[in-house]
Amino acid sequence: METPVKHYKFINSRTDNVIFYYSLDAGLSDEQRKEKLEAVKADVASKNGVFLNTVYWEEVKENED
């Protein structure tokens, strides 16, 4: 049986382009999830040469294309 996961996308707020996708174990606490997503956000911003406050993340809903 597979472990349930939640999928997230990281978006450049200046262009509205998705620049990274990431998945996390759905069993993490809200605090653990936020901590991990913020660390990934910092890495994504750094690797894409954009300011940290330019990148945000949101959960991908199953019915999204």
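Just the heavy atoms: all of them, side chains too, but no hydrogens, waters or symmetry mates, feed the values below. As the structure is a computational prediction, the values presented were derived from the model and not from experiment.
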### Message
Could you work out, with salt bridge (Lys or Arg N to Asp or Glu O under 4.0 Å) as the rule, every residue matching E38, not counting sequence neighbours?
### Response
K41
### Query
Between N12 (side chain) and R14 (backbone), is there a donor-acceptor pair under 3.5 Å?
yes
List the atom pairs, donor and acceptor, that lie under 3.5 Å between side-chain atoms in residues 43-50 and the rest of the protein, sequence neighbours left out.
{"unit_1": "D43", "atom_1": "OD2", "unit_2": "K47", "atom_2": "NZ", "d": "3.2"}
{"unit_1": "N48", "atom_1": "ND2", "unit_2": "V44", "atom_2": "O", "d": "2.8"}

### Query
What residues form a side chain to side chain contact (heavy atoms under 4.5 Å, CB included) with A26, not counting sequence neighbours?
P4, K6
### Query
Of all residues at least two apart in sequence or in a different chain, which pass the side chain to side chain donor-acceptor pair (under 3.5 Å) check with D16?
none
### Message
Nearest 0.5 Å, please: how far is CG in L24 from NZ in K36?
### Response
7.5 Å
### Query
What about L28 and V5, same hydrophobic cluster or not, with Ile/Leu/Val/Met/Phe/Trp/Tyr joined at side-chain heavy-atom distances under 4.5 Å?
no
#### Entry: Minimum heavy-atom distance between S13 and N53, given as atom pair plus value
OG-O, 4.4 Å
### Query
For F20 and V55, what are the C-alpha separation, side-chain angles and deciding distance, and is it a side-chain contact (heavy atoms from CB on, under 4.5 Å)?
CA-CA 10 Å; F20 193 72; V55 178; over 6 Å; no
### Task
Name all pairs fulfilling the side-chain hydrogen bond (donor to acceptor under 3.5 Å, both in side chains) condition that reach into residues 23-33, sequence neighbours left out, sorted by first residue then second.
H7-S23, Y8-R33, S29-Q32, D30-R33
